[in-house]
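In this chain, numbering begins with 1 at the start of the sequence shown. None of the values given here were measured: they were computed from a predicted structure.
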Amino acid sequence: MIEIELDGKKMDVLEGSMIMHAAEQAGTHIPHFCYHKKLSIAASCRMCLVDVEKMPKPMPACATTVMPGMIVRTKSERAINAQKSVMEFLLINHPLDCPICDQGGECQLQDIAVGYGGGASRYEEEKRVVTGKDVGPLISMQEMSRCIQCTRCVRFGQEIAGVMEFGMSNRGEHAEIETFVGRSVDSELSGNMIDTCPVGALTSKPFRYSARTWELSRRKSVSPHDSTGANLIVQVKNNKVMRVVPMENEDVNECWIADRDRFSYEALNSDERLTSPMLKQGGVWKPVDWQTALEYVANGLKQIKADHGAASIGALVSPHSTLEELFLASSLISGLDSQNIDYRLRNAEFAAVEGIRYLGTSIASLSELQAALVVGSNLRKDHPLFAQRIRQAVRKGAVLNAIAPAAPNWAMPVANTLLADASNWAQALADVAAAVAAAKGVAAPAQGNASAAAQAIAASLLGGERKAILLGNAAAHHAKASSLLALANWIGAQTGATVGYLTEAANTVGAQLAAALPGAKGLNAAQMLSGGLKAVLLLNNEPEFDSAAGAAAGAALAKAEMVVTLSPFKANMAFSDVLLPIAPFTETSGTFVNAEGRIQGFHAVVKPLGETRPGWKVLRVLANLLGVPDFDFDSSQEVLAQVCGLPQAGETHLPGRILSNATQAAVDLAPTAVAPVVASIYALDGLVRRAASLQLTADAKRDAATQEVTA
């Protein structure tokens, strides 16, 4: 630590810090544009000029290192005059079109110009004009004349997203930010460039000209997609979600969100929303009131139970549902004396429950790893925010390894890749275990070949202190999932690495906590989807898209006497008999438990659309009609209090006694012919599948083309 004086006050600052960091520590605001706390220093805007004693001219606070005894004045006449001069230059070519600018009301340039801009301009020549560009369905670049060349978007792409999609071409007054050779912006984190832009040069294309920022109410929420549990600010106008932006949480998503977190809100206002209960009569769908629909379902379940027994009734539930919905669905099924419930729709193996599978470490710790082995994950697309954290670790020198069928394209250097088809992943992991065993002089857990790639991976895991073995979605859905976990646990024990799952959905951990799993005599998801049930409840999922059975699921479910779909959308209409509209995450209160076991509650941000009702309320009323005891809940908070194993009030994580990746499974190295089923980035759940702009992205089009070829 070194001592400096800032605006007359002495303070201790970490050696190597910049003046800007010292000002942040002291709570002193220095105006700036190009500086961003998560990006490298560019010092291109010069707005942060400050007065440093004994320096011949004002110095940029973002790029000037503190020195012992340094005296800095941020509000002196010299500093203010320098900042005003910079602002005059920035406004020379700016179009000054605030009345029509989408950034109006939340524009850094606008705000700082109030304090540092002049009342009139001395510049009388014509302003420069920069032609707008089309870079895809998410980002608008139609007003690039506003750009001040701060290069935040360029640095974000290089350093956070890992892909340099923007760059600055030309020089002087001809300089402009653009993509190269007319390419689109295709990063799965691209929407964050909109947030980092301090002016209105980059704006949200779906939100464009929809509302003014001061018209929007801002409400906190949690992403319902992957297992990061990204914190969101949902912006609302006239009971309609207009925009979603990140809420900063350094331990979870920092200040970033993935594009599917940002733009999936479009589905909430789509024509596919189900707004009233519907019954299929004579092959024709007819809207009905709630009482009629629920009594029809209750009477049907009673009759089927009487005719075929409780074992003929089952529920397939989505891990994107809230903890409360999952718990009540499980309680409803058990209240009917059935054990048929499962959330593992894409799994190929259904091992006995041994513990709640989770990340095995904290999300924040991914940024500090020194070595990692990723098995069975398209890391960049499956978990964009986990990928960017690991990308930061790699930038700091971490060694990243992968077991995959092809060389990973994760927009970061992968030091060692053990190439293996999914059918042979267990053998590949056994090879790494054999290399670890040889290095340590111990017996290997299974027969393996310590190849050069396996030895390189083993060496990286044996070195350093902070390391992790991460099993992806494909590993979790694998036919040899237990063997993969057993081998990973052995390697982790020998190397000191943590072992965990990059869990698939927003509530994969919560679904396990809520016991949304079959009992000892219950049917698992694959068995239920094979057509053995007479009555099926589908909570927030579409088996044709959300299960390993795929298109065959529809034909199998059509054989049931009654299929009840609880969904925000007109889903499963080909084989359902009843559609019950339940609220998406923006219209209900609830809880998600993310990959690290963090419990995050949220409230409704808008009123339910039409006759939509919160899913937990629908399940409660249905249970009451069926005479299931202990279903007298008046709020989602009361439901939450009933969920077993939750920590005490005030705690934010599930206790360690509940979370466990331990397994007693034996290792089986025999190849399997069953390929793991993994959802593509914009087909993960019903919301992203119905978000129009996301379906126009290069990723969505590529996945659609692949599916057509496969079909």
Side-chain angles (χ1 to χ4, degrees), residues 277-281 288-318 321 324-345 350 511 514-541 543 547 549 553-567 571-572 574-582 613 615-633 639 642:
M278 299 182 76
L279 293 180
K280 186 187 289 183
Q281 297 178 337
V288 296
D289 58 71
W290 271 105
Q291 188 69 24
T292 300
L294 290 173
E295 287 182 353
Y296 180 90
V297 174
N299 292 334
L301 291 175
K302 289 177 182 177
Q303 189 63 49
I304 290 171
K305 181 180 178 181
D307 293 344
H308 306 284
S312 66
I313 300 172
L316 294 163
V317 296
S318 169
S321 301
E324 293 80 359
E325 292 167 349
L326 292 164
F327 175 73
L328 290 185
S330 177
S331 300
L332 173 61
I333 292 300
S334 62
L336 291 171
D337 298 323
S338 173
Q339 298 183 14
N340 305 326
I341 182 170
D342 209 345
Y343 77 91
R344 301 167 298 177
L345 303 184
F350 300 90
L517 292 157
K521 297 181 180 179
L523 301 178
N524 60 46
Q527 292 167 329
M528 284 188 272
L529 286 167
S530 66
L533 296 176
K534 297 296 182 182
V536 187
L537 298 180
L538 300 174
L539 175 62
N540 209 18
N541 67 84
S547 77
L557 292 170
K559 298 175 184 177
E561 292 183 15
M562 184 169 70
V563 177
V564 181
T565 292
L566 294 85
S567 172
N572 305 327
F575 51 82
S576 292
D577 300 287
V578 186
L579 299 181
L580 301 178
I582 62 170
R613 295 291 181 266
W616 71 267
K617 285 188 177 182
V618 175
L619 291 165
R620 181 203 66 190
V621 175
L622 184 56
N624 294 155
L625 291 173
L626 288 164
V628 179
D630 302 323
F631 255 83
D632 300 319
F633 302 107
V639 181
Q642 292 295 312

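- Val317 is not listed as a side-chain neighbour of Asp342, based on a closest heavy-atom distance of 4.5 Å or more.
- Interatomic distance, CG of Leu622 versus CG of Leu580, reported as 8.0 Å (0.5 Å rounding).
- Without hydrogens or angle criteria, Asp577 side chain to Val563 main chain gives a donor-acceptor distance under 3.5 Å.
- With hydrogens and angles ignored, the 3.5 Å screen pairs no side-chain donor or acceptor of Thr292 with any backbone N or O of Val288.
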Contacts table for residues 531-541: side-chain donor-acceptor under 3.5 angstrom, sequence neighbours left out:
residue: Asn541; atom: ND2; partner: Leu316; partner atom: O; Å: 2.8
residue: Asn541; atom: ND2; partner: Leu539; partner atom: O; Å: 3.0

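- Nearest heavy-atom pair across Gly309 and Ser312 is O-OG, 2.6 Å.
- Residues in residues 289-302 take part in no salt bridge (Lys or Arg N to Asp or Glu O under 4.0 Å) pair, two or more places apart or across chains.
- Interatomic distance, CZ of Phe633 versus OG of Ser331, reported as 6.5 Å (0.5 Å rounding).
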Can you give the donor-acceptor pairs under 3.5 Å from side chains of residues 517-527 to other protein atoms, not counting sequence neighbours?
residue: Asn524; atom: OD1; partner: Ala526; partner atom: N; Å: 3.1
residue: Asn524; atom: OD1; partner: Gln527; partner atom: N; Å: 2.9
residue: Gln527; atom: OE1; partner: Asn524; partner atom: N; Å: 2.9

- Task: Test side chain to side chain contact (heavy atoms under 4.5 Å, CB included) on Leu619 and Leu566 and set out the steps.
- Result: CA-CA 9 Å; Leu619 291 165; Leu566 294 85; 4.1 Å; yes
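- Considering all non-hydrogen atoms of both residues, Pro543 and Ser547 come closest at O-OG, 2.6 Å.
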- Evaluate the side chain to side chain contact (heavy atoms under 4.5 Å, CB included) criterion for residues Gln339 and Ile333: first the C-alpha distance (whole Å), next the side-chain angles of each, then the deciding distance (0.1 Å), finally the verdict. CA-CA 7 Å; Gln339 298 183 14; Ile333 292 300; over 6 Å; no
- Task: Report the C-alpha separation of Phe631 and Leu332 in whole Å, then their side-chain angles, then the decisive distance to 0.1 Å, and conclude whether the side chain to side chain contact (heavy atoms under 4.5 Å, CB included) test is met.
- Result: CA-CA 9 Å; Phe631 255 83; Leu332 173 61; 4.2 Å; yes
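- Lys305 is linked by a salt bridge (Lys or Arg N to Asp or Glu O under 4.0 Å) to Asp337, counting only residues two or more places apart in sequence or in another chain.
- A search for salt bridge (Lys or Arg N to Asp or Glu O under 4.0 Å) contacts involving Arg620 returns nothing, not counting sequence neighbours.
- To the nearest 0.5 angstrom, Tyr343 atom OH is 10.0 Å from Leu326 atom CG.
- Every residue two or more places apart in sequence or in another chain was checked for a side chain to side chain contact (heavy atoms under 4.5 Å, CB included) with Ala311, and none qualifies.
- Scanning all heavy atoms of the two residues, the minimum distance from Lys280 to Phe575 falls at NZ-N, 4.2 Å.
- The CD1 atom of Ile313 sits 12.5 Å away from atom CE of Met528, with the distance rounded to the nearest 0.5 Å.
- In this structure, Ser318 has no side-chain hydrogen bond (donor to acceptor under 3.5 Å, both in side chains) partners at least two apart in sequence or on a different chain.
- Listed by chain and number, the residues in a side-chain hydrogen bond (donor to acceptor under 3.5 Å, both in side chains) with Thr565 are Asn572, Ser576 (sequence neighbours excluded).
- The side-chain hydrogen bond (donor to acceptor under 3.5 Å, both in side chains) check on Asp307 picks up Gln303, with sequence neighbours excluded.
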- Task: Using the side chain to side chain contact (heavy atoms under 4.5 Å, CB included) rule, take Leu328 and Val618 through it: C-alpha gap first, then chi angles, then the decisive distance, then the call.
- Result: CA-CA 10 Å; Leu328 290 185; Val618 175; over 6 Å; no
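- Distance check: Tyr296 OH to Gln291 CD gives 16.0 Å after rounding to the nearest 0.5 Å.
- Here the shortest heavy-atom pairing between Trp616 and Glu324 reads CB-CB, 4.4 Å.
- Of the inter-residue distances, the one linking Leu336 atom CG with Ile304 atom CD1 reads 11.0 Å to the nearest 0.5 angstrom.
- Considering every non-hydrogen atom in both Ala293 and Pro277, the closest pair reads CB-CB, 3.7 Å.
- With hydrogens and angles disregarded, a donor-acceptor distance shorter than 3.5 Å links the side chain of Ser334 to the backbone of Ser330.
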